[in-house]
Each structure stands twice: as C-alpha cells, then as structure tokens.
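Naming: A, B, ... by sequence-line order, numbering from 1 per chain.
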Protein chains: 2
Amino acid sequence: MSKKPLHSDPPLVKPLPVAKGGSVAPAPFRVRSKAPAQPLTPFQRESIDLFVGAFSVLSLPRSLGEIYGLLYSSEEPLAFDDLVTRLDLSKGSVSEGLRLLRSLGAVNLVPIEGSRKDHFTAETSLRRLAGGYLRDRIEPYLRGGESRIELLRKVSATDSERNDFQQKRINQLLSWHRFFARVLPVFKALAGKI
Amino acid sequence: MSKKPLHSDPPLVKPLPVAKGGSVAPAPFRVRSKAPAQPLTPFQRESIDLFVGAFSVLSLPRSLGEIYGLLYSSEEPLAFDDLVTRLDLSKGSVSEGLRLLRSLGAVNLVPIEGSRKDHFTAETSLRRLAGGYLRDRIEPYLRGGESRIELLRKVSATDSERNDFQQKRINQLLSWHRFFARVLPVFKALAGKI
DNA sequence: CGACTTGTTCAAAAATAATCGAACAAGATT
DNA sequence: AATCTTGTTCGATTATTTTTGAACAAGTCG
C-alpha cells in the first residue's frame with residue numbers, strides 16, 4: 001500500500017543527479033541519447049535550495065524554484081534539455097514551469113547563435129521579478145476587489161437591518177483597498193532602485 | 001430573519017446552509033437532527049465570498065476565508081458552534097481554522113458574559129492583520145535567509161571556478177535580502193496608519 | 001519525403017493539502 | 001460520581017495541485 005514517504009529529508013533539495021564515481025561502467029554499444037547529466041555544482045545546489053524555499057513562501061511549486069534556482073546559479077544560458085536532465089524533471093514539468101516563469105517575467109528566452117534549442121536565463125532585476133509577480137498574482141484580485149465591494153454595498157442596501165454596521169465594514173474594506181492600491185506602486189518603485 | 005436568499009454567485013462560495021424550499025424535494029421531513037442552521041444574510045455571503053478570494057490570494061485555505069468572512073460580517077461575536085453550523089464545516093475544521101487564524105492574529109477570542117462557549121470576533125486592525133501574516137509567514141523565511149546566503153558564500157569559497165560570477169550573485173542576494181528587511185517594517189508602519 | 005530534434009499538450013498518476021469525524025479531554029451541571 | 005457541553009486531536013478520507021509520460025505538432029536536415 002502507500003508507503004510512508006521515508007525521505008522526510010531535512011534538506012529542501014530533492015535528490016538530484018550527482019557525479020557517479022563508478023567509472024567501471026561497461027558502456028555497451030553507444031549510449032542511447034541518455035545524456036550523462038552534468039552534475040550540479042555545490043553552488044548550484046545551494047542556490048536551488050534557496051530558491052525552492054523562497055518560491056514555497058509564495059506557494060509556488062518546487063519545480064519552479066528548481067528551474068529558477070539552476071538558471072540563477074548558472075553563468076551561461078541553459079537549454080531546455082539541460083534543465084530536464086540536470087534537475088531530473090520531466091519534459092512536461094520543465095515546459096510548464098518555463099511557461100509560468102516566463103509569464104511571470106522571471107525567466108528570459110535568449111537566442112543562442114547556431115543552436116536551434118531554446119536557451120534560458122534567470123531574470124535578475126528585482127523590479128521585473130517583483131513587478132511580474134504582483135502583476136500576475138496580486139493585482140488581478142485587487143482590481144476585482146473594487147467591484148466586489150460595490151456588490152457588497154448593493155446587497156447591503158437591500159438589507160434594512162444592521163445597516164450602519166455593514167456600512168462601517170464596507171468603508172473599511174474600501175480603505176483597505178485604497179491602501180493596497182497605493183502601496184503596491186510604491187513597493188514596485190522601491191524595488192526598482194535595487 | 002427575512003431576506004430571501006438571492007444566490008447570484010458565479011461561485012467562489014461553496015453551497016452553504018440556506019433556507020430550505022427552492023429545490024426539487026418538498027419533503028421537509030428529513031431535518032437535521034441538530035438545530036437548523038440560521039441562514040446567512042446576503043451581506044454575510046458576499047463577505048465570505050470576498051474573503052475566501054482574498055485568502056486564496058495568500059494561498060490560505062477556503063475554510064479560513066469562510067470563518068474570517070463570517071466573523072467579519074457579523075456584528076456580534078459568534079460561538080464556535082455558530083461557525084460549525086452556519087458554515088457547514090466540521091468541528092475539526094473550525095477548531096483548526098480558528099487556531100490558525102488566532103495565531104495569525106486575525107481572530108480574537110472574546111469572553112461572553114454568562115456563556116461558557118468560546119466566542120470569536122474578526123480582528124479588523126490592518127496593522128495587526130498584516131503584521132500577523134508577515135510575522136508568521138514571511139519573516140521566518142527572511143530570517144533564515146541570512147544564513148542561507150552565508151552558506152552559499154562558504155560553498156562558493158570551495159569552488160575555485162566561476163568565482164566572480166558567484167560573488168556577483170551572492171552580493172545580489174544580500175542586497176535583495178536587505179531590501180526586504182527594510183521594506184517590511186515600512187509596510188507595517190504604513191498599515192498602522194489605516 | 002522520411003527520419004530526427006525540440007518542445008508542447010493533456011490525461012493520468014503521484015504527491016500534497018484540506019477537511020471530516022469519531023474518540024477523547026476538560027470542565028460544568030445535576 | 002455520572003452526565004452533559006464544549007472544544008481539541010489526529011488518523012482517515014477527500015480534494016486539489018503537481019508531476020509525469022506518452023502522443024503529438026512543428027520544425028530541420030539530408
């Protein structure tokens with residue numbers, strides 16, 4: 001049945017492809033396109049760990065943190081395929097992960113002379129990173145908020161009782177809304193200074 | 001009482017206890033053995049909807065949004081039991097939900113004269129709300145961040161190659177860290193003005 | 001064209017998170 | 001003490017999210 005996940009590792013990094021010392025590999029024929037995953041450097045592994053944690057604070061899945069972390073800690077742009085093999089993720093996950101990261105503006109597709117593979121780099125401008133996250137995950141809700149509160153007001157109008165309590169709440173929600181609508185741009189502007 | 005339930009929702013709210021009648025079966029025989037849940041007012045339902053959405057932006061579960069939303073839209077403190085019956089949640093969920101909301105400082109336990117039930121109200125100070133969230137969900141990671149970056153630096157020291165690239169990254173991480181460490185208190189202070 | 005590369009899509013599996021609910025504890029009440 | 005009320009705990013169940021993998025486009029190259 002369902003086995004208890006024993007790998008209750010304290011480390012946040014999942015097992016990743018590591019250099020295997022066993023050089024005694026028989027190497028039958030020609031190794032089928034199973035590229036020997038270039039192992040991660042300690043710096044890369046720590047970076048991945050760090051970003052997996054940071055992403056999880058934002059409730060973003062581990063695979064996104066791994067992808068971003070590896071790109072962040074790699075000097076050269078990495079090909080799609082590098083991400084798959086070095087992180088040991090499925091192509092599906094990497095494809096979906098990159099799509100999302102790109103939509104957030106956290107990863108850039110860069111053209112590499114003479115290669116027809118896609119190559120990617122981590123976006124490192126805090127302004128763009130924070131801006132993308134806020135734009136995609138926070139602001140849509142904030143915008144919807146206005147009409148939500150308006151709806152509350154309408155509903156309250158049909159409810160003769162408790163009316164000034166409800167009014168108080170509605171006004172407070174409006175004031176909260178204004179607060180966030182004003183603070184977000186300030187935050188973005190500050191992030192732009194970094 | 002009064003107020004016929006207008007169910008407009010293109011539903012962020014899940015089905016909640018509503019006055020019987022509309023549906024197909026006119027057989028009011030099968031009544032819950034428990035006390036019939038006092039139905040929610042439209043104002044309450046809209047509020048719950050709004051907070052379920054807001055909480056989900058923060059990746060907090062629906063039940064928390066429901067509990068907070070109902071408390072927010074109720075003038076009087078509500079008993080534990082009210083939450084269970086009016087939101088149609090299990091006692092377990094309500095217990096756990098209240099525990100978490102209280103730990104976040106979003107809900108207060110208030111003593112009610114002459115009742116031995118626990119009663120709760122929604123915290124409505126933005127300073128406390130935001131402060132609690134940041135304190136419990138963001139700051140712990142931020143604090144851990146310092147040692148994470150330190151670890152990166154150590155690891156980088158053992159890695160002779162690419163050293164100035166890595167140094168650049170580490171310095172950037174430090175600068176991001178400082179940024180958040182400085183901006184958070186400012187944000188809290190601003191929230192205190194609302 | 002046909003064989004290969006490169007990446008996407010999406011149904012299904014696996015993993016994780018949320019919720020339920022029965023058993024239990026701690027007090028009150030009789 | 002026995003019982004009732006109120007709420008908590010925690011394993012089991014259910015729901016949701018994430019990941020996988022195999023099929024499939026869309027190109028490229030000879």
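- Atoms CG (A:Asp88) and P (D:dT18) sit 19 Å apart, rounded to a whole Å.
- Contact of the A:Leu70 side chain with the A:Asp82 side chain is not registered, since no non-hydrogen atoms from C-beta on lie closer than 4.5 Å.
- Partners of A:Ser95 by side-chain contact (heavy atoms from CB on, under 4.5 Å), not counting sequence neighbours, listed by chain and number: A:Phe80.
- Nucleotide C:dA18 holds its C1' atom 12 Å from the CD atom of B:Glu66, rounded to whole Å.
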Please tabulate, one pair per line, all N/O donor-acceptor pairs under 3.5 Å involving side-chain atoms of residues 176-192 of chain B, not counting sequence neighbours.
residue, atom, partner, partner atom, Å
B:His177, NE2, B:Leu142, O, 2.8
B:Lys188, NZ, B:Glu139, OE2, 2.6

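- Residues satisfying the salt bridge (Lys or Arg N to Asp or Glu O under 4.0 Å) criterion with B:Arg99, sequence neighbours excluded, are B:Glu96.
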Every protein N/O within reach of nucleotides 7-12 of chain C N/O, cut-off under 3.5 Å:
residue, atom, partner, partner atom, Å
C:dG7, OP1, A:Asp118, N, 2.2
C:dG7, N7, A:Lys91, NZ, 2.9
C:dG7, O6, A:Lys91, NZ, 3.0
C:dT8, OP2, A:Ser95, OG, 2.7
C:dT8, O5', A:Ser95, OG, 3.4

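- As rounded to whole Å, 14 Å separates atom P of D:dT17 from atom CG of A:Leu64.
- Nucleotide C:dC20 holds its C1' atom 16 Å from the CZ atom of B:Arg62, rounded to whole Å.
- For B:Leu109 and D:dT8, the CG to P distance is 9 Å, given to the nearest whole Å.
- When the side-chain nitrogen and oxygen atoms of A:Ser63 are compared with OP1 and OP2 of D:dT19, one or more of them lie within a distance under 4.0 Å.
- Scored by the ring-ring contact (aromatic ring centres under 6.0 Å, His included) test, B:Phe51 finds B:Tyr68, B:Tyr72 as partners (sequence neighbours excluded).
- Across the protein-nucleic acid pair, B:Phe55 atom CZ and C:dA18 atom P stand 13 Å apart, rounded to whole Å.
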Got a list of side-chain donor-acceptor pairs under 3.5 Å for residues 122-129 of chain A, not counting sequence neighbours?
residue, atom, partner, partner atom, Å
A:Glu123, OE1, A:Arg128, NH1, 3.4
A:Glu123, OE2, A:Ser125, N, 2.9
A:Glu123, OE2, A:Arg128, NH1, 2.9
A:Ser125, OG, A:Arg127, N, 3.3
A:Ser125, OG, A:Arg128, N, 3.0

